[in-house]
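In each ligand, atom 1 is the first atom listed, and ligand 1 is the first ligand listed. Computation of the quantities below employed the complete heavy-atom set of this structure, encompassing side-chain atoms and omitting hydrogens, waters and symmetry-equivalent molecules.
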Amino acid sequence: MSSTNRNLIGGRWVEARSGRTFTSVSPANHDDVVGEFAASSAEDVQAGVEAARAAFPGWSLLPAPKRGEILFRIARLLAEHKEELARLMTREMGKVLAEARGDVQEAIDVAYYMAGEGRRLSGQTVPSEMPDKFAMSVRRPIGVAGIITPWNFPVAIPAWKLFPALICGNTVVMKPATDTPACMARFVELLIEGGLPDGVVNLITGSGGEVGDAIVAHPDIRLISFTGHTDTGVEISRRAAATLKRVSLELGGKNPIVIWEDADLQLALDSVVWSSFGTAGQRCTAASRLIVHRRIHDEFVEALRTRVAALVLGDGLDELTDVGPVINDRAVERIASYAAIGRNEAELVIGGEPARDGKLAKGSFFQPTIFANARPDARIAQEEIFGPVTTVVPVDDWQQTVEIVNSVKYGLSSSLFTRDVNLAFRSIRDFDTGLGYVNHGTIGAEAHLPFGGTKATGNGHREVGQAALDFFSEWKSVYVDYSGRLQRAQIDTTFVDQG
Ligand code: UN1
């Protein structure tokens, strides 16, 4: 079944001005057309920005607890439609149904959390250094936010960005990834059904080159929140500087799980299979490096090979499937080229090829792949592959482990399996990543703590949790002088310490 889907601008569903469209197809079966969507351009972005600007005064002046009530309603609607959204997501993006349900659940969690923030949005109240003077800071909305989202979490990541933007009083122009417009369109329909006023959220589908560029360039967009490739993030930063936009970037990862010799091996294996091959390895937080103590390297690799050999590849809608497709054929090619590099750099344990047999023939599938005995500086141990491929690097001592963990350009997530509490705390201090796990894989961050990474993973901002409020609001410091006379700060005050 195919349908025509449109942009949402100022509360109305409209076609792209050019009338052009593009199709979204299922990565599990390219004959399955999920829908046809507006191939928008700068004109459509212009209309979206105008609608968002027009909606800004009303939305930003609506008291934040009332904005929160709308988010509560949206959270409940998302929960009611969880199964429907999850099935659409599996069909359009490929992740297995259990994970798609988790993706929608994360959006529900963020909606509830941010709805509650509507009754806090705290600033500081501090004593003034002058008598009869009141000093405090308040959060203010900024304006129109441009939100550009990836395909790997088609509902959760838009929600991470959208709900804090809204609770802070901003209005939004959103562009979904070209691979997952249907998920975003359905998500936005539910926002409207939840009572979001016209123009508060505007959806513009289309390519990065047209829609994304126009959002980044538009002078009336004050904020950009982007998740995707590091190179794109750098380019966005560069271009957004021309109009002094505030930019939050969530970029690549090369996340390690360290397995120490005293680790609970069964737990480590369960966690590695989940962190490396869940979402077919297409998470920014996927464990694409396994740093394993040399004394247990061979035993661990053999046990992991057995586990991975048992993984069932297939359509994520089939409950028996463990690993779904990757997003499209270009991804299959990219992963295959890394597998070819890996064969020259390390020992191929299992996988290494696209999977095209039988029912997989019409989709974009890649065999779950393990490389072992890799050097820490091998390309497959340094570069983000974004597929079901993980690389085992043997290690001899702790100092070397810390160096290897920190040797990549990214710093999103890291994990350590050990029973040694001292090492656990050392890892928290010394692994240079924004997320750190102990006896748990690299994936599974929750909605109420900051999410983000160090180094080339981003530009220092954090998503979700209270940290997201800091990105989507501007501080105003307020002084109320009720002394009735001129009091000059730093001058007309009693100096206790005269130096
Ligand atoms: C991502 O890795 O692309 O921590 C997002 C997790 C999820 C979000 C991941 N809550 O695995």
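- Residue Glu474 forms a salt bridge (Lys or Arg N to Asp or Glu O under 4.0 Å) with just one option from Arg139, Arg222, Arg246, and that option is Arg246.
- Using the six-membered ring where Trp is involved, Tyr113 and His448 have ring planes that are tilted, between 30° and 60° apart.
- Ring pair Trp260/His293 is perpendicular by interplanar angle, where above 60° counts as perpendicular and below 30° as parallel.
- Aromatic ring pairs are classed by plane angle as parallel below 30°, tilted from 30° to 60° and perpendicular above 60°; the pair Phe22 and Phe37 is tilted.
- Taking the six-membered ring where the residue is Trp, the centroids of Trp160 and Phe472 are separated by 6.0 Å or more.
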Which protein N or O atoms sit under 3.5 Å from any N or O of ligand 1? Give atom names and distances.
residue  : atom   : partner : partner atom : Å
ligand 1 : 2 (O)  : Cys284  : N            : 3.0
ligand 1 : 2 (O)  : Thr285  : N            : 3.0
ligand 1 : 2 (O)  : Thr285  : OG1          : 2.8
ligand 1 : 3 (O)  : Asn152  : ND2          : 3.1
ligand 1 : 3 (O)  : Cys284  : N            : 3.0
ligand 1 : 4 (O)  : Gly444  : N            : 3.0
ligand 1 : 4 (O)  : Ala445  : N            : 2.6
ligand 1 : 10 (N) : Glu106  : OE1          : 2.9
ligand 1 : 10 (N) : Glu106  : OE2          : 2.9
ligand 1 : 10 (N) : Ala445  : O            : 3.1
ligand 1 : 11 (O) : Arg283  : NH1          : 2.6
ligand 1 : 11 (O) : Gly444  : N            : 2.9

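- The nearest pair of heavy atoms linking Thr321 to Leu313 is CG2-C, 4.2 Å.
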